[in-house]
Amino acid sequence: MAQLYNCIQSEFEMWTAYSPERKNNLHTKKAKKLPFIKYPDGVPCTEANVYMLGLWSRSLSQRTEDGGTPKTYASHISHLIRYCYSRGWAFTALNDDRFGDFIHFIHHETNKFGKRVRGINQVRMIGQTCIDFLRTVADFHGDETLIGDQDFHAIKVEKKEVKTFVEGMKEPRITFQYTHGSIPKGDSANKRLPIADSAAAAIKKQIDEHKNPYVKSRDTMIYQSLEQTGARRTEVMLLHVDDVREALRKAKSGKSDTVNLQFTTLKRKEEHTRQVPVPVTFLHNLKEYITKVRRKIIKGTIGKENDHGFVFIDIRRGTPLKPDTISTYFNKYKHAAGITDECFAHLIRHAYLTERLKQIILEHKFKNKDEFNRALLNTEQFKMQLQQWSGHTRPYSLNTYINLAFSDLAGVRQTYNAVSLKSAVGLVKDELETMKADLKNSRVTATEIIEKMRSLIDAFEMDINLAIKIDKENNANEESEEEQVAHA
């Protein structure tokens, strides 16, 4: 099915105000990557593009290569545009029954395997975006009877108060959201559950068995990037070669107790980056992919002089991969592995955050969730550590992960450095399995395997030394505290 929108790719600017005091009189604002929406027959959809301009004027994020938040909204309202077009309806001809039928249609739409295309929460998001769009349609046409919360409105919606607790504010921020009786209630049961170990292993196995060595190497590193950093899909796609080189440079200098990799943080109005601690072994694997696979693809496609610098690229064209491409690949691997449960890239982030919270709980010896939350409220350094790892601006967003972490740790005794090494050990095990398969299938020579082993051991040794250093510092701090108590 053809996409109904394209994102403006040129350095496009639009004027926002006129000022006689300015030399050129006009205030302008960049509008690159703003979606331009058409009907299925190619005719521009005026109401939809007016809606996009409204989002642009509200400064919703357009930082990502694929158009960011406005692109997501364009995708949502495309379902309603296509639905109305196929039935010959103008948007102003919609009523309660027709809008309800539309929600029922997108909720029960199935793919070629007979499974529903989208979950309840996605249907809710599409429905609420379409309500917002139809309110713009009503304003555009001056139609006061189209949509609202009164009995005379053709589409009757309910206005709900939404309380959002923002860090640093005593009182919640109150906003209003419109919903419709046909929109299903949220499915909280499937919210933020980490990817199952069996599903993760099955996906890795499918990647490892890919016949194209370039695709295999790239997709392995995409998975490791999701797994080892907890970054969102788009954040992984924005990872730059220079960021990897800088992290490796700092790792080799040995001046820091931790090795961090820089990521662009999404879901912020302002440009923002964060430093995420990663195993040296992971950086070593990234370097291998960049120097031995990515470099060859760039040279054979767009050329070194046109290198854009993004780590993950299209094998045939050398262009940066788009976030939706990760979802497409993930779906293929999922079906090939015969996985029937929910399994998508964002679940890897949930697994990462749960594991990292377990690290903090063990490091600080928190006994329960109440102790943890008190520290979260009272310790600025503690908050910063969580925010650097997760990219969340509000600590309460982590509540689900906190519950999962304490549940997993019930009755478990581990030392902090053992947990911190878990990621590195897992990477080494995965890499050894790949080497065994490559050697068995004669994809590499014994000499190449020996060289890979040397590099892998060097990187793993750095991870071990960092963990030992942290462990010694923790023990020294504990002994100091015990001495102070004894003297007191």
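The first residue of the sequence shown is numbered 1, and numbering continues consecutively from there.
In this structure, CE on M237 lies 12.5 Å from OG1 on T264, to the nearest 0.5 angstrom. With values rounded to the nearest 0.5 angstrom, I326 atom CD1 is found 5.5 Å from L226 atom CG. A distance of 5.0 Å separates OH of Y333 from CD1 of I207, quoted to the nearest 0.5 Å. Atom OG1 in T281 sits 9.5 Å away from atom CD in Q224 (nearest 0.5 Å). The OG1 atom of T434 sits 9.5 Å away from the NZ atom of K204 when rounded to the nearest 0.5 Å. Put simply, CG on N6 and CD1 on I37 are 10.0 Å apart, with the number rounded to the nearest 0.5 Å.
Across all non-hydrogen atoms, the minimal contact from C7 to K71 is SG-CG, 4.2 Å. The two residues T110 and V117 come nearest to each other via the heavy atoms C-CG2, 3.6 Å. Across all their heavy atoms, V236 and A231 have their closest contact at CG2-CB, 3.7 Å. Taking each heavy atom of N260 and Q275 in turn, the nearest pair found is CB-OE1, 3.5 Å. Taking each heavy atom of H284 and L248 in turn, the nearest pair found is N-CD2, 4.4 Å. Heavy-atom minimum distance, C130 versus H76: SG-O, 3.9 Å.
In this structure E158 satisfies the salt bridge (Lys or Arg N to Asp or Glu O under 4.0 Å) test with no other residue, sequence neighbours excluded. Remark: Y223 engages no residue in a ring pair (Phe, Tyr, Trp, His ring centres under 6.0 Å) (not counting sequence neighbours). For H79, there are no ring pair (Phe, Tyr, Trp, His ring centres under 6.0 Å) partners two or more places apart in sequence or in a different chain.
Not one N or O on the side chain of Y289 forms a donor-acceptor pair closer than 3.5 Å with the backbone of I222. Side-chain N or O atoms of S78 include one that pairs as donor or acceptor with a backbone N or O of A74 at under 3.5 Å. No side-chain donor-acceptor contact under 3.5 Å links R233 to the backbone of T325. Side-chain atoms of H108 come within 3.5 Å of backbone atoms of H104 as a donor-acceptor pair (strictly under, hydrogens ignored). Distance alone, capped at 3.5 Å, is enough to place a donor-acceptor pair between the R118 side chain and the I106 backbone. In terms of modelled atom types and a separation under 3.5 Å, the side chain of R124 and the main chain of P184 share a donor-acceptor contact. Checked by atom type and distance alone, the side chain of D243 never pairs as donor or acceptor with a backbone atom of L239 at under 3.5 Å.
F330 places none of its side-chain heavy atoms less than 4.5 Å from the side chain of L347. V276 has its side chain within reach of Y352: a pair of non-hydrogen atoms, C-beta onward, lies under 4.5 Å apart. Residues D208 and K216 form a side-chain contact, since some pair of their non-hydrogen atoms from C-beta on lies under 4.5 Å apart. Looking at R294 and V241, their side chains come closer than 4.5 Å, going by heavy atoms from C-beta outward. At least one side-chain heavy atom of V259 sits under 4.5 Å from a side-chain heavy atom of L283. Counting heavy atoms from C-beta outward, R232 and R349 have side chains that approach closer than 4.5 Å. At a threshold of 4.5 Å between non-hydrogen side-chain atoms, the residues F312 and R218 count as touching. Residues H308 and I302 are in side-chain contact: their nearest non-hydrogen atoms beyond the backbone lie under 4.5 Å apart.
In this model, no donor atom of one side chain and acceptor atom of the other lie less than 3.5 Å apart for D132 and Y73. Side-chain contact of T319 with D314: a donor-acceptor pair under 3.5 Å is absent, judged by distance alone.
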Please step through side chain to side chain contact (heavy atoms under 4.5 Å, CB included) for the pair Y5 and M52, ending with a clear verdict.
-> CA-CA 11 Å; Y5 58 89; M52 288 295 109; over 6 Å; no

Taking it one step at a time, do L321 and Y329 satisfy side chain to side chain contact (heavy atoms under 4.5 Å, CB included)?
-> CA-CA 11 Å; L321 280 185; Y329 292 161; 4.2 Å; yes

Test N285 against T220 for side chain to side chain contact (heavy atoms under 4.5 Å, CB included), laying out the working first.
-> CA-CA 9 Å; N285 292 346; T220 295; over 6 Å; no

Go through the steps to decide whether S225 and L261 satisfy the test side chain to side chain contact (heavy atoms under 4.5 Å, CB included), and finish with yes or no.
-> CA-CA 10 Å; S225 297; L261 183 59; over 6 Å; no

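Under a cut-off of 6.0 angstrom, the local environment of CG in D197 is sparse, with at most 12 non-hydrogen atoms contributed by other residues, nucleotides or ligands.
Between K332 and D219 there is no salt bridge, since none of the side-chain N atoms of the basic residue sits less than 4.0 Å from a carboxylate O of the acidic one. Of the charged side-chain nitrogens involved, at least one lies within less than 4.0 Å of a carboxylate oxygen, so that D242 and R245 count as a salt-bridged pair.
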